[in-house]
Colleague: 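This is the structure I have questions about; it appears just below.
Order of appearance sets the numbers: ligands from 1, and atoms from 1 within every ligand. A quick note: this is a predicted structure, and the numbers were derived from the prediction, not measured. Hydrogens, waters and symmetry mates are skipped; everything else that's a heavy atom, side chains included, is used.
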Amino acid sequence: MPKPQPKFVCQSCGTVTTKWVGRCDGCGEWNTSEEAPTQARKPGRSLAFVGLAGTTEPPPRLLSGIEELDRVLGGGLVAASAALVGGDPGIGKSTLLLQAAASVSRTGKRVLYISGEESIEQIRLRARRLGLDAAPLELAATISVRDITSTLEAERDLAMVVIDSIQTMWLDTIESAPGSVTQVRACGFELIRLAKSRGFALVLVGHVTKDGSLAGPRVLEHMVDAVLHFEGDRGHQFRILRGTKNRFGATDEIGVFEMTDRGLAEVANPSALFLAERRGHIAGSAVFAGLEGTRPVLLEVQALLAPNAGGAPRRSVVGWDSGRLAMLLAVLETRCGVRLSNTDVFLNVAGGLRITEPAADLAVAAALASAAMETPTDAGSVYFGEIGLSGEVRQVAQADSRLKEAQKLGFARAVLPRRIARGARTAAADGMVLEEIGHLADLVEQFSGKPKPKAIQF
Ligand code: TYD
Ligand code: MG
């Protein structure tokens with residue numbers, strides 16, 4: 001019989017090697033290679049396969065009472081499941097979960113809040129400030145996962161358990177320090193196992209590293225049923241909760257909150273918040289009718305052009321993709337004759353939100369063209385549409401819900417791609433002027449008033 005080969009497994013990404021390696025080939029992390037225990041092979045049981053159709057009921061949901069959170073979760077927390085809430089330190093994770101936990105406990109369900117970061121006193125002070133101190137929430141401060149599991153094994157009627165944070169948790173059977181890859185993984189595994197066997201909804205709080213990934217092993221993201229990211233700019237008061245994984249619902253949903261002196265307040269109408277400080281009639285500003293998940297959101301795109309003082313022109317972008325900006329500048333220059341190659345370009349999505357949709361192309365182009373021509377965009381207009389390399393304006397998804405949102409906020413005109421099928425846009429745009437454009441040059445023309453010679457005709 002051949003001697004069993006020693007096997008090493010990267011604790012971060014799971015890459016298997018035959019020798020110990022200092023740096024993992026798979027993920028590039030250092031010191032994550034650990035020897036996997038070799039076990040004698042036993043034959044397994046044979047599996048019984050079943051069909052897709054069955055009588056499984058949808059899992060029971062636990063509503064937190066915070067609508068923005070419940071929506072991102074796909075309709076509330078799921079019993080016997082685990083969710084991970086990630087975010088930068090100080091962004092408001094503990095505040096959000098204390099509010100959610102208190103809200104669930106008020107419905108008569110048993111909720112535990114276990115903190116490894118703050119003392120009972122600190123949590124009580126925060127609760128008092130948030131006006132939650134009367135909620136029947138059960139608090140504990142510990143970092144010992146063994147104590148948590150021994151206590152919870154005996155509990156029967158728990159609805160929700162919050163662990164703040166998974167990086168502070170510690171299992172005494174593992175040698176490494178809290179927050180290390182192995183600890184986080186082992187603690188996560190223990191707690192998730194407990195949630196599944198005891199039937200409560202587990203919420204783990206996790207910190208995010210500078211590069212934006214959840215600190216600790218990425219494995220944790222695979223172990224939980226839902227991953228939510230709480231993000232935002234600490235300079236701005238609003239926070240976005242974004243679902244990036246959900247085994248029980250759609251991802252890409254967002255919840256919008258505002259950090260106030262009495263905790264996080266739900267923002268039912270985010271467009272109004274993002275547009276609150278907009279000044280109309282300024283060259284270089286355009287309103288984008290965007291979508292975040294299934295939710296329409298209006299955002300202001302600002303462009304500033306400044307003469308280049310020598311050297312390579314600057315292109316500085318906040319809240320959008322710089323590669324996409326470079327492409328749009330090239331299209332504006334080559335296809336529409338707008339000279340921008342000797343100009344410094346600054347682009348900003350006001351409010352601090354990050355746009356990832358290509359549908360923002362048209363709004364960005366409008367802001368740039370408006371700045372270049374020193375002509376303000378019409379303050380009552382919204383823009384959306386993707387732009388191709390020849391300058392053509394392409395269709396984007398869900399034009400109807402974008403238009404509806406714009407109309408709700410009092411916008412009277414929309415500049416958008418030509419519709420493919422007649423009659424596709426229906427009641428949404430009643431009373432709104434729809435300006436359909438086929439080529440970016442048509443938009444540039446609106447600002448300059450004269451046709452551009454380089455435009456390609458469609
Ligand atoms: P916290 O929930 O402790 O963040 P995290 O758990 O993500 O590290 O939030 C901390 C910040 O929120 C802190 O800088 C103060 C601010 N804050 C408010 O503005 N209002 C409030 O009511 C509370 C509780 C916190
Ligand atoms: Mg915290």
Colleague: Relative to ligand 1, is Ser94 under 4.0 angstrom through side chain, backbone, both or neither, heavy atoms considered?
Modeller: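 Both backbone and side chain.
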Colleague: Quick check: does Ser115 put an N/O/S atom under 2.8 Å from the Mg ion (ligand 2)?
Modeller: no
Colleague: Any luck finding a side-chain donor-acceptor pair between Asp164 and Ser115 under 3.5 Å?
Modeller: no
Colleague: Could you go step by step and tell me if Gln302 and Val318 meet the side-chain contact (heavy atoms from CB on, under 4.5 Å) rule?
Modeller: CA-CA 10 Å; Gln302 303 173 323; Val318 179; over 6 Å; no
Colleague: Return yes when Gly87 approaches ligand 1 closer than 4.0 angstrom through a heavy atom, no otherwise.
Modeller: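 No heavy atom of Gly87 comes that close to ligand 1.
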Colleague: Protein heavy atoms near atom 25 (C) of ligand 1, is at least one of them under 4.0 angstrom away?
Modeller: yes
Colleague: Counting from 1, what ligand 1 atoms have a heavy atom of Met259 closer than 4.0 Å?
Modeller: 12 (O), 16 (C), 17 (N), 18 (C), 19 (O), 20 (N)
Colleague: Can you check whether Thr356's main-chain N or O pairs, donor with acceptor, with Arg324's side chain at less than 3.5 Å?
Modeller: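 Answer holds: no.
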Colleague: Need the ligand 1 atom indices (1-based, order shown) with element for anything under 4.0 Å from a heavy-atom of Asp88.
Modeller: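 Every atom of ligand 1 under 4.0 Å from some heavy atom of Asp88: 7 (O).
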Colleague: Which is it for Glu117 and ligand 1 at heavy atoms under 4.0 Å: side chain, backbone, both or neither?
Modeller: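 For Glu117, there is no contact with ligand 1 at all, from either part.
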Colleague: Is the closest N or O pair between Gly90 and ligand 1 shorter than 3.5 Å?
Modeller: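 Yes - when backbone and side-chain N and O of Gly90 are compared with those of ligand 1, one distance drops under 3.5 Å.
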Colleague: Can a side-chain donor-acceptor contact be found between Ser94 and Glu117 if the only test is distance below 3.5 angstrom?
Modeller: no
Colleague: Who's closest to atom 21 (C) of ligand 1 heavy-atom-wise, of Leu97, Thr260, Thr95, Val205?
Modeller: Thr260
Colleague: Is Leu264 near ligand 1, meaning one of its heavy atoms is under 4.0 Å from it?
Modeller: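 Under 4.0 Å: no for Leu264.
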Colleague: I want to check something: taking the side chain as every heavy atom from C-beta on, are Gln99 and Leu132 in contact at a cut-off of under 4.5 Å?
Modeller: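 They are in contact (side-chain heavy atoms under 4.5 Å apart), so the answer is yes.
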